[in-house]
Amino acid sequence: MSGPISELHAAIVAAVATMTGGEVPELALERPANAEHGDYATSVAMRLAPLLSRKPREIADELALALAVIPGVESVEVAGPGFLNLRLGDQWYRDALSDMLAAGDEFGRQPFAPGVETLVEFVSSNPTGDLTIGSARNAAYGDSVARLLEFTGEKVTREYYINDAGNQVGLFGQSVQARRLGREIPEGGYPGDEVALIAAELDLADDAPLEDWVAKGVALMVERIRASLASMRVEFDLWTSEKGLHETGAVVAAIERARVQGRIFEQDGATWLRTTDFGDDKDRVLLKADGEHTYFASDLAYIDLKFQRGATHAIYVLGADHHGYIQRLKAGAQCLGYDPEHVETLIYQLITVSGERMGKRRGNVITLAELTEAIGVDAARYFLVQRSHDQTLDIDLDLAVEASSKNPVYYVQYAHARCASIERKAADEGLAIDGIGSGHVPEGPEKALIRRLAEWPEVVASAAELRAPHRIVSWTHELAADFHAFHHDLYVLHEDAEIRAFRLSAVHATREAIARALALIGVGAPDRM
RNA sequence: GCGCCCGUAGCUCAGGGGAUAGAGCGAGAGACUUCUAAUCUCGAGGCCGCAGGUUCGAAUCCUGCCGGGCGCACCA
């Protein structure tokens with residue numbers, strides 16, 4: 001990570017190391033809530049006190065002298081129990097802005113780490129119906145995490161696992177056929193309108209065998225799913241078929257691999273995987289007494305395939321109703337001889353619409369397509385990752401549809417459009433600038449904006465590390481607020497060329513920053529609104 | 001019973017050990033002759049579920065309890 005703040009951080013670490021002779025406690029640079037406490041503050045002196053057996057104020061006084069000579073630091077004061085409050089000089093702000101502009105879209109980005117191949121498997125909804133709003137959360141969250149990981153230096157592959165084997169797709173095939181022939185839909189079948197659409201579209205004779213109805217019906221359903229995901233800017237690199245795992249012998253091979261590892265046993269006529277060896281609360285059946293493979297058998301083969309294909313890290317994005325799989329998946333990987341640390345499950349909590357949980361059997365399903373149609377792709381993606389994935393999410397559809405003009409996504413997009421508008425006007429009036437100038441003394445709103453912009457590398461790094469795209473949303477909203485305040489207080493296209501150059505530079509940096517941040521959550525940044 | 005997530009303003013939620021806990025929505029009062037008012041400014045509104053513990057310092061970490069959501073298949 002690099003950037004104006006990490007440079008400041010590094011300089012403080014160096015000063016502390018000089019003082020202690022090498023040892024440096026975890027050192028955080030904070031932005032004090034109270035402006036009287038400076039631009040940045042650190043509590044390092046308090047953390048150092050027990051290590052050095054000295055009083056924190058004493059340490060702080062000594063460190064203050066060392067920090068005062070760091071380039072860009074205007075003043076240092078010791079406050080409270082031993083806080084070191086730093087105030088940054090005008091030159092720091094000019095340098096920070098200039099560095100950010102020079103970095104452009106690389107600002108905060110990290111180069112690809114060699115040898116890292118991250119696989120993110122997400123959505124993977126059964127191809128028996130249109131994607132629901134729950135899958136929409138999965139898609140928005142999973143794709144945003146993938147984008148974050150790419151931005152912070154991982155090579156990412158996005159994969160969708162198609163559950164096209166077993167009873168459910170069999171029932172789906174029967175439902176398609178029943179629709180076509182105008183018959184009753186089988187017990188537990190799929191009554192959705194999309195099934196009828198597929199039935200009408202299928203090029204099949206009425207008496208075609210069931211497996212054809214299944215295969216062709218699933219193919220069309222998968223295409224519908226792919227299209228709906230693409231419409232919300234989610235694209236997969238790989239679509240892996242469960243049926244294919246059976247056909248290629250991958251399932252049998254995975255079981256054999258586990259057998260070689262000594263994790264297979266027979267009991268009650270079934271073949272079991274001893275996942276309890278690795279912390280699962282019960283062993284799992286792979287081959288049932290009736291000779292059929294379980295769903296978990298394909299899961300096991302799929303884990304095997306992921307690592308055999310060269311993934312170094314396999315991420316699963318699952319809804320809270322699947323959290324019981326975590327231990328099973330990790331134990332399964334371990335039974336195959338893989339490191340469970342390389343299997344990561346990301347659980348997002350369930351989504352409700354206007355307070356009600358969705359369910360196919362509840363008959364109140366809202367589809368992904370309906371959501372994006374109702375509030376637009378930008379608002380949908382913004383809404384879906386606005387809150388922590390650990391938090392159940394309620395979408396108030398009435399509000400989202402009816403009051404979309406006060407939707408927070410517009411607040412952020414409007415800041416971007418304002419920047420673009422100012423830049424357009426500058427170009428039209430021949431006020432284009434080259435560089436940030438040298439003489440302008442930044443004012444309060446300008447400083448606040450630049451401090452915010454400078455946080456980006458740390459924000460994006462922690463969002464990626466925590467798999468928390470909602471942090472991007474929070475930060476972007478704060479950035480937009482800082483910009484709107486700046487815009488309100490200060491006139492950008494000022495007659496003074498120095499002032500104009502500086503402010504136009506800040507506007508340009510802001511526009512780039514908003515676009516960059518929104519791109520990581522798949523939201524567009526319009527130039528006009 | 002066991003496991004995962006949550007409990008912060010009227011509502012929906014941010015706050016990965018720091019100083020006086022924040023935002024949006026809602027309710028209140030103001031600001032457009034200037035780069036888009038989809039904006040800005042100001043005020044109101046809080047036993048951060050409860051009780052212990054760790055720490056110089058806890059909304060944040062640990063333990064217990066209470067409340068809510070979701071799971072615990074030879075289903076997929």
Side-chain angles (χ1 to χ4, degrees), chain A residues 26 28 30 32-34 36-37 41-43 46-47 49-50 55-56 79-83 85 126 128 163 165-171 242 267-272 281-282 284-296 298 319-327 345 347-350 352 357 386-396 399 403-415 417-426 428-429 431 462 465-466 468 470-471 473-475 477-478 480-481 483-494 503-504 507 528-529:
Chain A
E26 196 173 325
E30 288 142 24
N34 186 336
E36 287 173 23
H37 296 147
T42 177
S43 59
M46 275 112 81
R47 288 165 194 273
K55 288 179 182 153
F83 288 103
N85 295 336
N126 284 355
T128 53
N163 300 122
N167 300 338
Q168 296 305 315
V169 285
L171 273 170
E242 180 189 7
Q267 187 182 307
D268 304 331
T271 301
W272 298 67
D281 50 8
K282 58 187 73 156
R284 305 292 169 178
V285 170
L286 296 175
L287 193 57
K288 297 189 274 184
D290 65 7
E292 292 287 312
H293 284 114
T294 59
Y295 187 78
F296 185 58
S298 342
D321 51 342
H322 290 80
H323 79 259
Y325 289 9
I326 300 175
Q327 201 53 48
T345 46
I347 302 295
Y348 60 92
Q349 296 302 307
L350 296 181
T352 56
R357 194 186 160 190
Q386 189 184 12
R387 307 306 190 190
S388 164
H389 59 281
D390 278 337
Q391 191 76 243
T392 52
L393 182 66
D394 185 61
I395 292 196
D396 185 336
L399 185 86
S404 62
S405 68
K406 64 192 167 200
N407 188 315
V409 69
Y410 293 100
Y411 181 82
V412 173
Q413 289 184 320
Y414 182 52
R418 270 183 152 175
C419 289
S421 167
I422 292 169
E423 292 196 82
R424 266 198 308 275
K425 181 165 181 181
D428 289 348
E429 297 181 6
L431 298 173
S462 79
E465 191 187 332
L466 300 171
H470 75 281
R471 290 185 171 231
V473 175
S474 300
W475 179 82
H477 192 272
E478 286 166 352
F483 173 76
H484 284 308
F486 157 88
H487 178 271
H488 184 266
D489 289 350
L490 303 172
Y491 192 77
V492 175
L493 300 177
H494 199 276
R503 291 183 183 163
L504 262 176
V507 165
R528 294 171 201 271
M529 287 175 75

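Being a predicted model, the structure only gives us computed values, none of them experimental. Residue numbers begin at 1 in each chain, while the letters A, B, ... track the order of the sequences. Both backbone and side-chain heavy atoms feed into the values below; hydrogens, waters and symmetry mates do not.
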A:Arg387 side-chain N/O to B:rC6 phosphate OP1/OP2 under 4.0 Å: no
Side chain of A:Val492 only, heavy atoms from C-beta on: which candidate in B:rU41, B:rG18, B:rC35 is closest? B:rC35
Can you tell which of A:Leu393, A:Val473, A:Val409 makes a side-chain contact (heavy atoms from CB on, under 4.5 Å) with A:Gln386? A:Val473
Rounding to an integer number of angstrom, what distance separates B:rG18 and B:rU34 when you compare their P atoms? 45 Å
Rounded to whole Å, how long is the line connecting atom CG of A:Asp394 with atom P of B:rA14? 13 Å
Residue A:Ser43, side-chain heavy atoms: nucleotide from B:rU39, B:rG18, B:rC6 that is nearest: B:rG18
Find the distance A:Leu504:CG to B:rC35:P and express it as a whole number of Å. 15 Å
Nearest-angstrom distance, P atom, B:rU8 to B:rG15: 14 Å
If I take atom NE2 in residue A:His484 and atom C1' in nucleotide B:rG24, what distance separates them, rounded to the nearest angstrom? 13 Å
Is A:Phe83 stacked on the base of B:rG18, with ring centres under 5.5 Å apart and planes under 30° apart? no
Between B:rC2 and B:rU55, how many Å separate the two P atoms, rounded to a whole number? 30 Å
Span that lies between the P atom of B:rA14 and that of B:rG52, in whole angstrom: 28 Å
Check whether any side-chain N or O of A:His37 sits under 3.5 Å from a backbone N or O of A:Ala79 as a donor-acceptor pair, and report yes or no. no
Side chains of A:Leu493 and A:Lys425: does their closest heavy-atom pair fall under 4.5 Å? yes
For atom CG of A:Leu431 and atom C1' of B:rU34, their distance in whole Å: 14 Å
From OH of A:Tyr410 across to P of B:rC25 the rounded distance in Å is 15 Å
Check whether any side-chain N or O of A:His470 sits under 4.0 Å from OP1 or OP2 of B:rG15, and answer yes or no. yes
Using the six-membered ring wherever Trp is involved, compare the ring planes of A:His322 and A:Tyr325 and label them parallel, tilted or perpendicular (cut-offs 30° and 60°). perpendicular
Pair assignment for B:rC42, Watson-Crick or G-U wobble, requiring both distances under 3.5 Å: B:rG28
Tell me whether B:rC32 sits syn or anti, counting syn as a glycosidic angle within 90° of 0. syn
When the distance from OH of A:Tyr348 to C1' of B:rC70 is rounded to whole Å, what number comes out? 12 Å
By nearest heavy atom, map A:Ala79 and A:Ala468 onto RNA chain B; which one lands nearer the 5' end? A:Ala468
Measure the distance from CG on A:Leu393 to C1' on B:rC5 and round it to the nearest whole Å. 14 Å
Taken to the nearest 0.5 Å, the spacing of A:Leu287 CG from A:Glu292 CD works out to 8.5 Å
Are A:Thr128 and A:Gln168 linked by a side-chain donor-acceptor pair shorter than 3.5 Å? no
For the side chain of A:Thr294 and the backbone of A:Val285, is there at least one donor-acceptor N/O pair under 3.5 Å apart? yes
Closer than 4.0 Å, any side-chain N/O of A:Arg418 to the OP1 or OP2 of B:rA38? no
For nucleotides 56-63 of chain B, tabulate all protein N/O to nucleotide N/O atom pairs closer than 3.5 Å, reporting atom names and distance.
none

Kindly say whether A:Ala320 contributes a backbone atom to a donor-acceptor pair with the side chain of A:His323 at under 3.5 angstrom? yes
Under 3.5 Å, side chain of A:Thr42 to main-chain N/O of A:Ala28, donor-acceptor pair present? yes
B:rG71 to B:rG17 separation - P atoms, rounded to the nearest Å: 32 Å
Expressed as a whole number of angstroms, how long is the span from A:His477:NE2 to B:rU12:P? 18 Å
Could you work out which one of B:rU39, B:rA14, B:rA19 sits closest to the side chain of A:Tyr411? B:rU39
Just by protein heavy atoms under 4.0 Å, how would nucleotides 71-76 of chain B read 5' to 3' in B, S and -? SSSBBB
Starting from the 5' end of RNA chain B, give me the residue, A:Ser421 or A:Asn34, whose nearest nucleotide shows up first. A:Asn34
Between OG1 of A:Thr271 and CG of A:Leu286, what distance do you get to the nearest 0.5 Å? 7.0 Å
Spacing of the C1' atoms in B:rU12 and B:rG7 (rounded, Å): 14 Å
Could you identify the nucleotide paired to B:rA23, looking across every strand shown and requiring Watson-Crick or G-U wobble geometry with both distances under 3.5 Å? B:rU12
As its Watson-Crick or G-U partner within any shown strand, both distances under 3.5 Å, B:rG18 has B:rC56
Considering only side-chain heavy atoms of A:Gln349, which listed nucleotide, B:rU34, B:rG69, B:rA38, is closest? B:rG69
